[in-house]
Amino acid sequence: MTETTQINQQLLENWHRRRRWARAGIGYTLFIALTLVFLSPLLFAALSSIKTDPLEYPPKLLSPQLNPRNWVQAARLGRQGGENAFFGGFTPGSTIEFDITYLTPHSQTPEPPEVIIPKRRPGAGLGAVFEETYAADYALVGPVRQIDQRPGSKEIDGATVDGLLTTYGFSVSYQGDGPRISRVPLDATVPPGQIYTGSTITASRIERRGRVASFDTISPGFLGYIFRNYQRVFQEAKSITSGTSLFTNWFGNSFFFALVRVITNLLLASMAGYALARFTFRGRHLVFMLLLVAQMVPVQVIFISNYLVLRDGIWGLSNIFGTPTLLNNIWGLIIGGAGTMIEAAKVFLMKQYFESLPRQIEEAARIDGASEWTTYWRVMFPMARPALGALVILSFQGAWNEFFWSFIILTSPDEIKTLPIGLLSFRQIYGTAGDWGLILAGAMLSALPVVILFIVFQKYFLEGVSFGGTKG
């Protein structure tokens with residue numbers, strides 16, 4: 001091989017190497033772009049759920065809740081008000097030191113704000129009918145005093161306004177004895193023209209054409225400040241009859257329903273799948289065909305007949321659960337929901353998986369004296385972990401997001417609803433008032449169990465689904 005040929009060969013190899021790297025770069029860039037496209041709505045919803053006003057326009061990714069300075073101040077104010085740096089509050093004998101700064105144009109004379117502790121509920125939702133302890137009944141606002149003044153400016157709508165930056169300080173103290181109070185709302189009002197520029201923690205809202213700086217609470221604590229909407233989900237939405245947290249009830253109902261569906265599908269679908277895969281009996285193919293047909297029947301086709309059966313208590317069997325009807329009962333959803341206790345698709349998945357396992361394993365177990373049940377339970381069931389992992393995720397996700405049957409069966413009282421129906425109630429109650437922060441927080445919390453389950457079982461899920469795809 002001549003030297004020229006060697007050089008050409010080297011150049012060709014370099015060209016192929018650069019081409020491979022270019023293809024890999026394009027592939028990774030495309031993958032990252034698609035990931036951002038699919039995850040962006042979830043990320044934006046997560047960021048919006050911690051904002052005081054998720055409907056702000058134009059929307060911003062950053063909010064005061066993501067400012068580390070506010071985290072430190074919220075923890076300090078929480079210790080001052082409620083001796084709790086995480087969730088704050090207002091306890092007898094406590095004193096909260098607060099300051100607020102305004103820019104006054106040179107044409108005006110700075111005037112201190114009028115500070116009041118208003119009687120204001122956190123929202124206009126389900127908890128509005130309950131009696132609340134107001135911080136205004138116990139709080140005493142100290143004198144507002146000027147603590148700093150210096151020249152400054154602020155850019156407003158593209159124009160720079162020059163003037164004096166004046167900082168005022170005051171205290172809010174808890175007078176006498178009384179209960180622990182979770183919130184200390186505050187309103188600071190100034191004459192027209194003075195511009196709010198900052199405070200110990202950022203104001204929740206600026207109202208009345210910039211005159212009023214409004215705070216939901218001035219002693220939130222670190223977690224109470226960042227995750228206020230999440231705190232509200234549990235504290236505000238309460239049952240009118242029992243006074244319990246509706247979100248907790250909905251979460252518990254959904255979890256119980258999903259847990260029962262996972263267990264029944266694990267046991268019944270695996271046993272049915274094993275029987276169809278391994279046992280030879282008359283009508284086996286007919287059963288399998290019926291199984292395939294059952295997958296093709298929409299739930300909406302049979303919901304009227306199922307509804308009537310549940311309404312009549314499954315011909316008296318509902319007395320086992322101490323009720324004449326299974327409507328508005330979580331057991332009605334578990335027993336009567338189409339495909340709830342055992343789903344045809346899950347039986348199909350397990351049948352296909354058991355058929356892929358070698359028969360020699362069962363024959364070896366039987367030679368050792370194992371019965372049919374022992375062979376299934378002790379030998380074959382543990383070997384089906386990939387398919388069972390996929391079955392757990394699919395069953396839990398399907399039950400957790402179940403909406404149609406829950407909407408038909410569970411109508412009242414509010415405590416017996418599941419999470420998807422409860423979130424619909426949130427939308428109807430808080431959405432009409434424009435209070436979307438609480439709704440977003442509830443939606444994000446409802447997504448967490450499925451995400452956690454997928455992370456735990458993702459290995460088995462991928463193996464099981466890839467197997468089902470190749471076999472099916």
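Excluded from the calculations below are hydrogen atoms, water molecules and symmetry mates; all remaining heavy atoms, backbone and side chain alike, are included.
Between Ser204 and the choices Ile218, Thr217, Asp216, the side-chain contact (heavy atoms from CB on, under 4.5 Å) rule is met once, by Asp216. Shown are Arg228, Gln65, Arg205; of these, the side chain to side chain donor-acceptor pair (under 3.5 Å) with Thr52 is made only by Gln65. Remark: of the listed residues Leu66, Leu440, Asn229, Leu66 is the sole one forming a side-chain contact (heavy atoms from CB on, under 4.5 Å) with Ile50.
Note on residues 76-90: pairs passing side-chain hydrogen bond (donor to acceptor under 3.5 Å, both in side chains), not counting sequence neighbours, are Gln73-Arg76.
Annotation: side chain of Phe90 is in contact with side chain of Val172 (closest heavy-atom distance under 4.5 Å). Residues Trp71 and Pro68 are in side-chain contact: their nearest non-hydrogen atoms beyond the backbone lie under 4.5 Å apart. Counting heavy atoms from C-beta on, the side chains of Leu448 and Leu445 come closer than 4.5 Å. Two residues are said to be in side-chain contact when any heavy atoms from C-beta on lie closer than 4.5 Å; Val115 and Asp187 fail this criterion.
In this structure, Phe247 and Phe251 have tilted ring planes: the angle between them lies in the 30° to 60° band. In this pair, Phe407 and Phe403 present their aromatic rings parallel. The plane angle is below 30°, not in the 30 to 60° band. Phe86 and Phe222 have perpendicular rings, their planes meeting at more than 60° on a 0 to 90° scale where under 30° would count as parallel.
Separating the CZ atom in Phe404 from the CD atom in Glu402 is a distance of 9.0 Å, to the nearest 0.5 Å. Atoms CZ and OG, on Phe98 and Ser171 in that order, are 12.5 Å from each other to the nearest 0.5 Å. With rounding to the nearest 0.5 angstrom, the CG atom of Leu327 is 11.0 Å from the CG atom of Leu333. Here Ile409 contributes atom CD1 and Ile335 contributes atom CD1; the two are 10.5 Å apart, rounded to the nearest 0.5 Å. Between the CG atom in Leu266 and the CE atom in Met350 there is a gap of 8.0 Å [rounded to 0.5 Å]. Note that the OH atom of Tyr307 and the CG atom of Leu310 stand 9.0 Å from one another [nearest 0.5 Å].
Nearest heavy-atom pair across Tyr230 and Ser49 is OH-OG, 2.7 Å. Closest of all the heavy-atom pairs between Tyr196 and Ala203 is OH-N, 3.1 Å. Here the closest non-hydrogen pair linking Gly81 and Ile96 is CA-CG1, 3.8 Å. Listed here is the closest heavy atom pair of Ser219 and Gly89: OG-O, 2.8 Å. Closest approach of Pro185 and Ala135 over heavy atoms only: CD-CB, 4.5 Å. Here the closest non-hydrogen pair linking Leu423 and Gly442 is CD2-C, 3.8 Å.
Legend: residues meeting side-chain hydrogen bond (donor to acceptor under 3.5 Å, both in side chains) with Gln235, ordered by chain and number and at least two apart, are absent.
Using modelled atom types, one finds a donor on one side chain and an acceptor on the other under 3.5 Å when comparing Arg120 with Ser214. With hydrogens and angles left out, the side-chain atoms of Thr325 and Asp312 include no donor and acceptor closer than 3.5 Å. Under the 3.5 Å distance criterion, with hydrogens and angles disregarded, no donor-acceptor pair is assigned to the side chains of Glu372 and Thr374. A side-chain N or O of Asn328 and one of Thr411 form a donor-acceptor pair less than 3.5 Å apart. Thr95 and Tyr174 form no side-chain donor-acceptor contact under 3.5 Å, judged by distance and modelled atom types alone.
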Evaluate side chain to side chain contact (heavy atoms under 4.5 Å, CB included) for Ser63 paired with Leu47, printing each intermediate quantity in order.
CA-CA 8 Å; Ser63 65; Leu47 293 176; over 6 Å; no
Between Asn70 and Thr202, is a side-chain hydrogen bond (donor to acceptor under 3.5 Å, both in side chains) present by the stated rule, with each step listed?
CA-CA 7 Å; Asn70 283 333; Thr202 306; 3.1 Å; yes
Would Met383 and Ile361 satisfy side chain to side chain contact (heavy atoms under 4.5 Å, CB included), going step by step from the backbone distance to the final call?
CA-CA 10 Å; Met383 293 183 66; Ile361 299 174; 3.3 Å; yes
Could you walk me through whether Glu363 and Arg366 pass salt bridge (charged side-chain N to carboxylate O under 4.0 Å, His left out), step by step?
CA-CA 5 Å; Glu363 293 169 357; Arg366 291 192 184 99; over 6 Å; no
Please determine whether ring pair (Phe, Tyr, Trp, His ring centres under 6.0 Å) holds for the pair Phe256 and Trp331, giving the CA-CA distance in whole Å, both sets of side-chain angles, and the decisive distance to 0.1 Å.
CA-CA 10 Å; Phe256 179 70; Trp331 285 106; 5.6 Å; yes
Working note: Trp250 + Phe426, criterion ring pair (Phe, Tyr, Trp, His ring centres under 6.0 Å); need CA distance, chi angles, decisive distance, verdict.
CA-CA 12 Å; Trp250 298 337; Phe426 270 3; 5.2 Å; yes
Can Ser239 and Asn249 be said to form a side-chain hydrogen bond (donor to acceptor under 3.5 Å, both in side chains), step by step?
CA-CA 9 Å; Ser239 167; Asn249 287 329; 6.0 Å; no
Go through it in stages, so that I can follow the logic: the residues are Thr133 and Tyr138, the test is side-chain hydrogen bond (donor to acceptor under 3.5 Å, both in side chains), and I'd like the CA-CA distance, side-chain angles, deciding distance and then a yes or no.
CA-CA 9 Å; Thr133 303; Tyr138 301 92; 6.0 Å; no
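For Asp368, the CG atom is densely surrounded, since the number of other residues' heavy atoms within 6.0 Å is greater than 12. Within 6.0 Å of the CZ atom in Phe381, the count of heavy atoms belonging to other residues, nucleotides or ligands exceeds 12. Heavy atoms of other residues, nucleotides or ligands lying less than 6.0 angstrom from CZ of Arg69 number more than 12. Within 6.0 Å of the CG atom in Leu34, the count of heavy atoms belonging to other residues, nucleotides or ligands exceeds 12.
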Kindly list each side-chain donor-acceptor pair under 3.5 angstrom involving residues 277-291, sequence neighbours excluded, with atom names and distances?
{"unit_1": "Arg278", "atom_1": "NE", "unit_2": "Glu362", "atom_2": "OE1", "d": "3.2"}
{"unit_1": "Arg278", "atom_1": "NE", "unit_2": "Glu362", "atom_2": "OE2", "d": "2.3"}
{"unit_1": "Arg278", "atom_1": "NH1", "unit_2": "Phe354", "atom_2": "O", "d": "3.2"}
{"unit_1": "Arg278", "atom_1": "NH2", "unit_2": "Phe354", "atom_2": "O", "d": "3.1"}
{"unit_1": "Arg278", "atom_1": "NH2", "unit_2": "Leu357", "atom_2": "O", "d": "2.5"}
{"unit_1": "Arg278", "atom_1": "NH2", "unit_2": "Glu362", "atom_2": "OE2", "d": "3.1"}
{"unit_1": "Arg284", "atom_1": "NH1", "unit_2": "Leu276", "atom_2": "O", "d": "3.1"}
{"unit_1": "Arg284", "atom_1": "NH1", "unit_2": "Phe279", "atom_2": "O", "d": "3.2"}

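Taking 4.0 Å as the cut-off between side-chain N and carboxylate O, Lys351 and Glu355 count as a salt-bridged pair.
One N or O on the side chain of Ser245 and one on the backbone of Phe234 form a donor-acceptor pair closer than 3.5 Å.
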